Protein chains: 2
Amino acid sequence: MSTEQSQVALAVSTVIFALRPHSSGTPELVLPLVRRIREPYQGQWALPGGPLNLDEDLSQAASRTLLETTALEPRYLEQLYAFGQLDRSPDDRVVSIVYWALVAGDEADRAIQSENVQWFTADDLPELAFDHNLIVEYALWRLRTKLEYSRIAHGFLGETFTLAQLREVYEVVLRKPVDPGNFRRMVEASGTVVPTGERLAGTPHRPPQLYRYNTSIDLSDNGPLSQLEASRTLAFTRGEHS
Amino acid sequence: MSTEQSQVALAVSTVIFALRPHSSGTPELVLPLVRRIREPYQGQWALPGGPLNLDEDLSQAASRTLLETTALEPRYLEQLYAFGQLDRSPDDRVVSIVYWALVAGDEADRAIQSENVQWFTADDLPELAFDHNLIVEYALWRLRTKLEYSRIAHGFLGETFTLAQLREVYEVVLRKPVDPGNFRRMVEASGTVVPTGERLAGTPHRPPQLYRYNTSIDLSDNGPLSQLEASRTLAFTRGEHS
DNA sequence: CCAAAAGTGTTTGGAGTACACCCATGA
DNA sequence: TCATGGGTGTACTCCAAACACTTTTGG
């Protein structure tokens with residue numbers, strides 16, 4: 001039993017999801033990766049992240065790295081898992097606490113793209129550094145699972161949206177068509193969404209109603225953890241500079 | 001931004017659940033706590049745990065502290081959450097990766113009871129050290145939530161059991177009566193359980209069939225994480241010294 | 001024969017799915 | 001007036017809950 005002070009390093013990484021408009025018409029699920037500039041795995045792509053500062057919470061660290069690599073604010077943020085396998089880093093021992101986040105698609109346009117930060121299709125990634133392929137795979141599974149029983153899809157959208165846009169989120173993420181009529185009823189019954197009264201004009205057909213998210217409802221059922229850090233990012237405090 | 005090596009300490013704790021026979025006839029959900037022998041919170045009860053050794057996985061550390069405090073092996077073990085609030089420890093900065101575990105009730109009898117290790121009713125705990133009340137609350141929520149959509153109830157029982165015993169696990173944990181007929185169909189349809197052919201004799205009524213768990217089925221739907229540590233503890237390798 | 005729990009059968013209501021069908025707008 | 005998606009109505013299926021009922025043991 002090693003009695004000396006543990007040399008285990010602690011890091012926080014984040015899997016950031018967004019929907020990017022695609023030439024095919026339907027958007028695609030993408031996430032940003034950063035190129036490693038030193039060993040191990042130099043030159044390979046990895047999840048954004050870094051060490052945990054003494055003066056910040058875990059979720060704050062996740063938000064910070066998210067902001068640093070993408071210049072975006074998360075619209076949804078949740079802890080994914082703590083990875084601590086012995087062999088996940090070749091030389092040192094690192095435990096990574098991983099978060100996953102949703103950012104709005106229209107903002108992802110304005111996001112940073114550079115030599116060392118690029119967005120990849122979530123379902124078609126290169127070989128990543130460390131165990132990050134497994135981590136992304138798990139984050140994808142959680143995203144898809146949670147989308148089906150929780151109401152987080154609006155995290156991909158802006159302040160207001162049509163039900164068709166919201167439905168498209170489901171179709172792209174879950175990779176299956178969703179019946180428009182049943183989807184409308186499902187969403188309306190959940191009470192998670194409120195009509196703004198305005199309509200989206202300029203369409204070549206009947207103008208659809210615009211909706212806003214019902215902020216008075218807890219969307220991610222995390223039980224008692226709602227008191228904690230996870231809930232803080234649920235309030236949509238985006239620059240309402242009117 | 002603190003550039004020096006982070007001084008954040010990493011610990012692993014475990015919430016251990018068991019069903020203990022009770023004088024009222026119906027068992028009760030209990031968990032072991034350890035009394036703190038030094039500051040902070042000296043004298044108060046806390047979750048079993050400790051620092052992470054360099055040569056062990058996170059789940060190994062959880063199993064180890066579980067073994068050290070109760071002399072038991074977990075029949076189910078799953079990561080709960082990583083807690084890293086700034087103020088959760090008064091003086092130093094500690095990030096705790098918490099696991100939750102199920103142990104068999106008949107084994108919990110043989111478990112350690114001492115001055116500094118005691119079992120408490122899960123729904124009626126004293127004020128614990130650190131943020132451990134919140135942690136237990138969350139673990140309880142996860143246990144109850146997971147029991148309803150996953151098949152982990154046998155983790156409270158021995159090798160073989162009757163459906164009435166299994167049903168009692170649900171009734172005690174979920175704190176509500178369960179219809180025997182529907183429960184039987186539900187369990188049989190899930191395929192998670194296999195009749196042994198033997199019957200439990202000595203009852204004042206019709207002798208019930210004994211069942212064994214179907215080990216060829218993955219019980220905890222953790223998606224891609226099944227490859228990882230979480231799955232290792234699912235194999236029931238208890239002393240089959242025949 | 002009786003009590004009590006094991007085990008089976010039957011009914012029903014609600015939720016999700018499939019799909020037919022009107023509505024409102026731009027061109 | 002037509003094409004297109006917005007939005008509504010309706011029938012059907014499946015599963016879970018409720019509950020009546022039969023079976024098998026010990027006393």
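All values below come from the heavy atoms of this structure, side chains included, with hydrogens, waters and symmetry mates left out. Computed from a predicted model, the values in this text were never measured in an experiment.
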message: Ring-plane angle category for A:F130 and A:H132, please: parallel below 30°, perpendicular beyond 60°, tilted otherwise.
response: tilted

query: Relative to the ring of A:Y213, is the ring of A:F161 parallel (under 30°), tilted (30 to 60°) or perpendicular (over 60°)?
result: tilted

query: Below 3.5 Å, does any donor atom in the side chain of A:R199 face an acceptor in the base of D:dG6, or the other way round?
result: no

- prompt: Considering only heavy atoms and no angle criterion, is a donor-acceptor pair shorter than 3.5 Å present between the side chain of A:R185 and the base of D:dG9?
  reply: yes

- prompt: If you measure from the Lys or Arg side-chain nitrogens to the Asp or Glu carboxylate oxygens, is any gap between B:E159 and B:R212 under 4.0 Å?
  reply: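 Result for this pair is yes, salt bridge flagged.
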
field: Electrostatic pair B:E148-B:R144, nearest N-O below 4.0 angstrom
entry: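 Looking at B:E148 and B:R144, the cut-off is not met.
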
field: Proximal nucleotide (of D:dA18, C:dG7, D:dG6) relative to the A:A164 side chain
entry: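 For A:A164, the side-chain atoms sit closest to D:dG6.
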
- prompt: Which of the following nucleotides, C:dA5, C:dG7, D:dG7, is nearest to the side chain of B:H205?
  reply: C:dA5

field: 5' precedence on DNA chain C between B:N182 and B:P208 (nearest-nucleotide basis)
entry: B:P208

query: Quick one: on DNA chain C, does B:Q165 or A:R206 contact a more 5' nucleotide (nearest heavy atom)?
result: B:Q165

message: For B:Y76 and B:W100, I'd like to know if the aromatic rings sit close, meaning centre-to-centre distance below 6.0 Å.
response: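 Yes: the rings meet the under 6.0 Å criterion.
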
Specify the separation, in whole Å, of atom [atom1] of [X] and atom [atom2] of [N].
{"X": "B:L200", "N": "C:dA5", "atom1": "CG", "atom2": "C1'", "answer": "12 Å"}
{"X": "A:E188", "N": "D:dT8", "atom1": "CD", "atom2": "P", "answer": "6 Å"}
{"X": "B:Q209", "N": "D:dT25", "atom1": "CD", "atom2": "P", "answer": "12 Å"}
{"X": "A:M186", "N": "C:dG14", "atom1": "CE", "atom2": "C1'", "answer": "17 Å"}
{"X": "B:L210", "N": "C:dA6", "atom1": "CG", "atom2": "P", "answer": "12 Å"}
{"X": "B:D179", "N": "C:dT11", "atom1": "CG", "atom2": "P", "answer": "17 Å"}
{"X": "B:E171", "N": "D:dA17", "atom1": "CD", "atom2": "C1'", "answer": "15 Å"}
{"X": "B:F183", "N": "C:dA5", "atom1": "CZ", "atom2": "C1'", "answer": "15 Å"}

message: Regarding A:P207, tell me which of base, sugar-phosphate or nothing describes its non-hydrogen contacts under 4.0 Å with the strands shown.
response: sugar-phosphate

- request: Give one of base, sugar-phosphate or nothing for B:T162, where a contact means two heavy atoms less than 4.0 Å apart.
  value: nothing

